[in-house]
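Notes for the one structure printed next.
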Amino acid sequence: MINLTFPDGAVRQVQPGLSGAKLAASISKSLEKKAVALMKDGVLVDLADPITQDAKVRIITRDDAEALELIRHDAAHVLAEAVQELYPGTQVTIGPVIENGFYYDFFRNEPFTPEDFPAIEKKMREIIGRDKPFSKRIVSREAAKEFFKSRGELFKVELVDAIPEGQEIKFYDQGGWIDLCRGPHMTSTGKIGSAFKLMKVAGAYWRGDAKNQMLTRIYGTAWANDKDLQAYLTALEEAEKRDHRRLGREMDLFHFQEEGPGVVFWHAKGWTLFQALIAYMRRRLRADYQEVNAPQVLDKVLWETSGHWGWYRENMFKVQTAGDETEDQRVFALKPMNCPGHIQIFKHGLKSYRDLPIRLAEFGAVHRYEPSGALHGLMRVRGFTQDDAHVFCTEEQMAEECLKINELILSVYADFGFTEFVVKLATRPEKRVGTDAMWDHAEDVLTRVLDRISRESGGRIKTGVNPGEGTFYGPKFEYTLRDAIGREWQCGTTQVDFNLPDRFGAYYIDADGQKKMPVMVHRAICGSMERFLGILIENFAGHFPLWLAPVQAVVTTIVSDADGYAEKVARELRRAGLRVETDLRNEKINYKVREHSVAKVPVILVAGKREMEEGTLNVRRLGSQAQQSLKLEEVVRLLSEEATPPDVQREKAA
RNA sequence: GCCGCCUUAGCUCAGUCGGUAGAGCGGCGCAUUCGUAAUGCGUAGGUCAGGUGUUCGAGUCACCUAGGCGGCACCA
């Protein structure tokens, strides 16, 4: 006999080999019907699997949260069956569960289009309606390969070969249609229900490798019920409304055009935002950093020395004279990074150990030839501004510098309202420079720093490791923040580098009078200012806190008699440092309120006859219909206080 | 870069079977002076992304190029 422990702590003795299905049946008739899988020691397994030893068990019904991934996984199988039924000759490959849904990759000479969806969905519903049971059987490697080979499923043959020796090969049969799968599945296709929808088609490389064939991927979403499906579709629409490309146009922040793929035309309002962000960062750097500026165009030898010319040449802009007659054939590069420039500044003149650490910061405009398919609004561009810095320090100072940077990064994020972060250590990649000993050392230092960050945050900051994701010259920390709608963005990085100082021959004079190589720490907080602004636009859905809003308030009139008063109000607010516009157009107040609300101006100050006579303003805040009548002086005081950036407020309070 | 889709007025989008381009918003003009999310009337605005081809005739069909969108790959 074996002991099964139930979620309520109850223990039951049963015969070994009892299946989850039988177990459910022994509890109640209704549970037998509702059960779709078994949770055994924290792992989902098929209901038909025998339980052979003591375990903690829980019967999973379709309504349990754990069943959702099964619904999606089963839906992927049904999608594959539907496609093969409708389009014979299509080869199936893989079909995993992903966040919010599933996909299946197919190989077919003619790719699918969304126009095929109605037919496929209809067929899926038909298969689900048949409600055939999922049944599993273990097969031998040879039998599995033979089976797929005979059906012309060459991708599946490759998949069988990829299964590690000693691992079982399982076939799942769903009413005659069979797929290779590690499972688990629910009891029958009918359990999938009807709350699913095919979403999009996309190309995807076989096994994620660009050297392989392109497959057609069909994405779908699936939920336990229609209400959840509908909620998901609504959330997608909401996310679309805060798309920074859309808000950028609606709020007149920036634009892109054909002649400049991947480079931003910043309009006045967008540039105001940009400048507000840079001004904030400058204040945060004032105490510890020296701001510098290195050239845009430098001879390619510098990039050869750094290694960029070797590793990233395809992604660099080459710059040469455009003249046809010129003899000067010298090749320059538009800088893709700031580090070589900063090293030149460090190397200029002798540095003493007493000078260290030297922290050079730059809002450096860099250009990278990103693949055309990678471009995406402000999030991925070919010309952008990094809030970059390089700290030149001694070995002993390195860990302390990393911690100091960590504090700065986290406090910057907090000032923008981001409170959830993950810090990951990215370790040595295959493509790299420097000796293994150097890498061992650098990774060792960062691992210890990461432990300390985690420990000192009291577990508030999550940490992790990204193996092989480091840069070619050193390991790094990747700072990821979570936005208002739960999306994660990797922004900041801290990189420890023993390689570039060596390659460029940078040194300082140590206490013993000897030349010594400094360690270099690269760091960025926002990463790309353009991208960070894109993230901010989406995070706030364009509804910026007052200190960032490009137009902080609009003063508008109800009657033209109040025009003079409105001008005076605007002057006073501007004198207090606020970004204010007036709207004296001969339009109804409804019209003007609507227009400025749509433009997401945080504060509308209405001046009518009454306000003019009383020296007041009627204040209306974005997102609220409430009105508040306040004295002009009061408005100036309240708004300038609210528009004070968080760091300045902190300084004042201190 | 790869796969698929898209590109019509400043913006959002119609445009039938291949027969000579349309709406709303916005702009401009006039009237309206009005109390918190769209006042009325009038008016201008187009190389249908660019090119080549098929055709008596192309916004519409085919091919090429560019840009965009969704994924994939990439992201120093």
Side-chain angles (χ1 to χ4, degrees), chain A residues 103 105 110-116 199-219 243 245-246 249-250 252 255-262 303 306-316 335-340 366 368-377 379-382 386 429 431-433 469-474 476 490 493 495 497 500 522 524 527-528 531 556-563 585-599 604-611 618-620 622-627 629:
Chain A
Y103 67 76
D105 284 350
E110 192 187 338
F112 296 102
T113 76
E115 277 153 44
D116 300 321
M199 302 297 284
K200 52 195 172 197
V201 286
Y205 297 109
W206 167 236
R207 303 187 132 191
D209 189 331
K211 289 192 281 287
N212 290 341
Q213 281 124 300
M214 180 66 66
L215 307 173
T216 319
R217 174 171 300 178
I218 297 181
Y219 283 92
D243 187 312
R245 292 166 297 185
R246 174 177 172 155
R249 187 176 58 239
E250 289 174 359
D252 193 19
H255 86 266
F256 291 90
Q257 68 186 47
E258 269 193 44
E259 293 80 355
W303 308 105
S306 70
H308 289 97
W309 198 257
W311 294 127
Y312 288 102
R313 214 180 141 174
E314 303 306 313
N315 300 294
M316 287 171 68
K335 73 172 175 183
M337 289 205 82
N338 303 299
C339 20
V366 295
R368 299 176 182 180
Y369 185 85
E370 301 288 0
S372 60
L375 302 179
H376 181 92
M379 302 305 190
R380 191 83 180 268
V381 286
R382 286 183 177 161
Q386 285 181 312
K431 246 166 67 165
R432 61 175 184 263
V433 294
E469 296 290 313
T471 71
F472 73 84
Y473 48 73
K476 63 176 175 180
Q490 199 242 294
T493 70
Q495 307 168 3
D497 178 5
L500 291 186
H522 308 237
S528 149
R531 179 163 171 274
T556 188
T557 49
I558 296 173
V559 291
S560 50
D561 287 346
D563 287 2
R585 290 174 303 169
N586 177 16
E587 292 289 352
K588 291 176 81 164
I589 191 64
N590 286 296
Y591 180 88
K592 296 200 272 194
V593 164
R594 175 173 196 276
E595 197 159 277
H596 298 122
S597 298
V598 168
I604 300 176
L605 301 170
V606 178
K609 207 166 173 184
R610 197 155 65 228
E611 285 74 16
N618 198 277
V619 184
R620 180 185 166 125
L622 179 59
S624 159
Q625 296 183 46
Q627 300 167 36
S629 181

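To find a chain, count down the sequence lines: A is the first, B the second, and so on, and within it residues start at 1.
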Among [options], the nucleotide that comes nearest once only the side chain of [X] is considered:
X: Tyr591(A); options: rA37(B), rG27(B), rG35(B); result: rG27(B)
X: Pro111(A); options: rU39(B), rC3(B), rA37(B); result: rC3(B)
X: Glu587(A); options: rG4(B), rU39(B), rU36(B); result: rU39(B)

Quick one: are [X] and [Y] in side-chain contact, heavy atoms under 4.5 Å?
X: Trp303(A); Y: Arg313(A); result: no
X: Pro114(A); Y: Val201(A); result: yes
X: Trp309(A); Y: Met316(A); result: yes
X: Lys476(A); Y: Glu469(A); result: no
X: Leu605(A); Y: Val619(A); result: yes

In whole angstrom, what separates [X]'s [atom1] from [N]'s [atom2]?
X: Glu595(A); N: rA37(B); atom1: CD; atom2: P; value: 14 Å
X: Asp252(A); N: rC25(B); atom1: CG; atom2: C1'; value: 16 Å
X: Lys592(A); N: rG26(B); atom1: NZ; atom2: P; value: 15 Å
X: Trp206(A); N: rC3(B); atom1: CH2; atom2: C1'; value: 17 Å
X: Asp105(A); N: rG4(B); atom1: CG; atom2: C1'; value: 14 Å
X: Glu250(A); N: rG10(B); atom1: CD; atom2: P; value: 18 Å
X: Glu110(A); N: rC5(B); atom1: CD; atom2: C1'; value: 14 Å

Inset, instruction - Looking only at non-hydrogen atoms, find the nearest pair between Phe112(A) and Thr216(A) and report the distance. - result: N-CG2, 3.7 Å

Looking for any heavy atom pair under 4.0 Å, which part of the strands does [X] touch: base, sugar-phosphate only, or nothing?
X: Glu611(A); result: base
X: Asp561(A); result: nothing
X: Lys609(A); result: base

If we take the [atom1] atom in both [N] and [M], what is their distance in whole Å?
N: rC25(B); M: rU39(B); atom1: C1'; answer: 16 Å
N: rG45(B); M: rG53(B); atom1: C1'; answer: 32 Å
N: rA14(B); M: rC48(B); atom1: C1'; answer: 13 Å
N: rA49(B); M: rG59(B); atom1: P; answer: 10 Å
N: rG4(B); M: rU47(B); atom1: P; answer: 31 Å
N: rG15(B); M: rU8(B); atom1: C1'; answer: 9 Å
N: rU60(B); M: rG18(B); atom1: C1'; answer: 6 Å
N: rU43(B); M: rC3(B); atom1: C1'; answer: 47 Å

Legend entry - Presence of salt bridge, Arg207(A) and Asp209(A), under 4.0 angstrom: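 Not counted as a salt bridge, because no side-chain N and carboxylate O are separated by less than 4.0 Å.
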
Legend entry - Heavy-atom neighbours of Glu110(A) CD exceed 12 at 6.0 Å: no

Can you tell me if [X] uses its side chain to pair, donor with acceptor, with the backbone of [Y] under 3.5 Å?
X: Arg382(A); Y: Glu370(A); answer: yes
X: Arg368(A); Y: Pro336(A); answer: yes
X: Lys592(A); Y: Arg585(A); answer: yes

Legend entry - Cation-aromatic face contact Lys431(A)/Phe472(A), 6.0 Å, 45 degrees: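 No, cation not above the ring by the 6.0 Å, 45° rule.
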
What protein N or O atoms touch nucleotides 11-15 of chain B N or O atoms at under 3.5 angstrom, if any, and at what distances?
residue: rU12(B); atom: OP1; partner: Arg249(A); partner atom: NH2; Å: 3.2

Legend entry - Geometric class of the His522(A)/Tyr473(A) ring pair [parallel <30°, tilted 30-60°, perpendicular >60°]: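 The arrangement is parallel - the two ring planes meet at less than 30°.
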
Inset, instruction - Go ahead and write out RNA chain B as dot-bracket, 5' to 3': ( ) for pairs within the strand, [ ] for ones crossing earlier pairs, | when the partner sits on another strand, dots for unpaired; Watson-Crick or G-U wobble, both distances under 3.5 Å. - result: (((((((..((((.....[..)))).(((((.......))))).....(((((..]....))))))))))))....

Inset, instruction - Would you kindly compare Ile558(A) and Leu215(A) by the position of their nearest RNA chain B nucleotide and give the one closer to the 5′ end? - result: Leu215(A)

Inset, instruction - Produce a footprint string for nucleotides 65-76 of chain B: one letter per nucleotide, 5' end first; B if the base is under 4.0 Å from any protein heavy atom, S if only the sugar-phosphate is, - if neither. - result: -SSSSBBBBBBB

Legend entry - Presence of Asn590(A) side-chain N/O under 4.0 Å of rA37(B) phosphate oxygens OP1/OP2: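 For Asn590(A), the contact criterion (side-chain N or O under 4.0 Å from OP1 or OP2 of rA37(B)) is met.
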
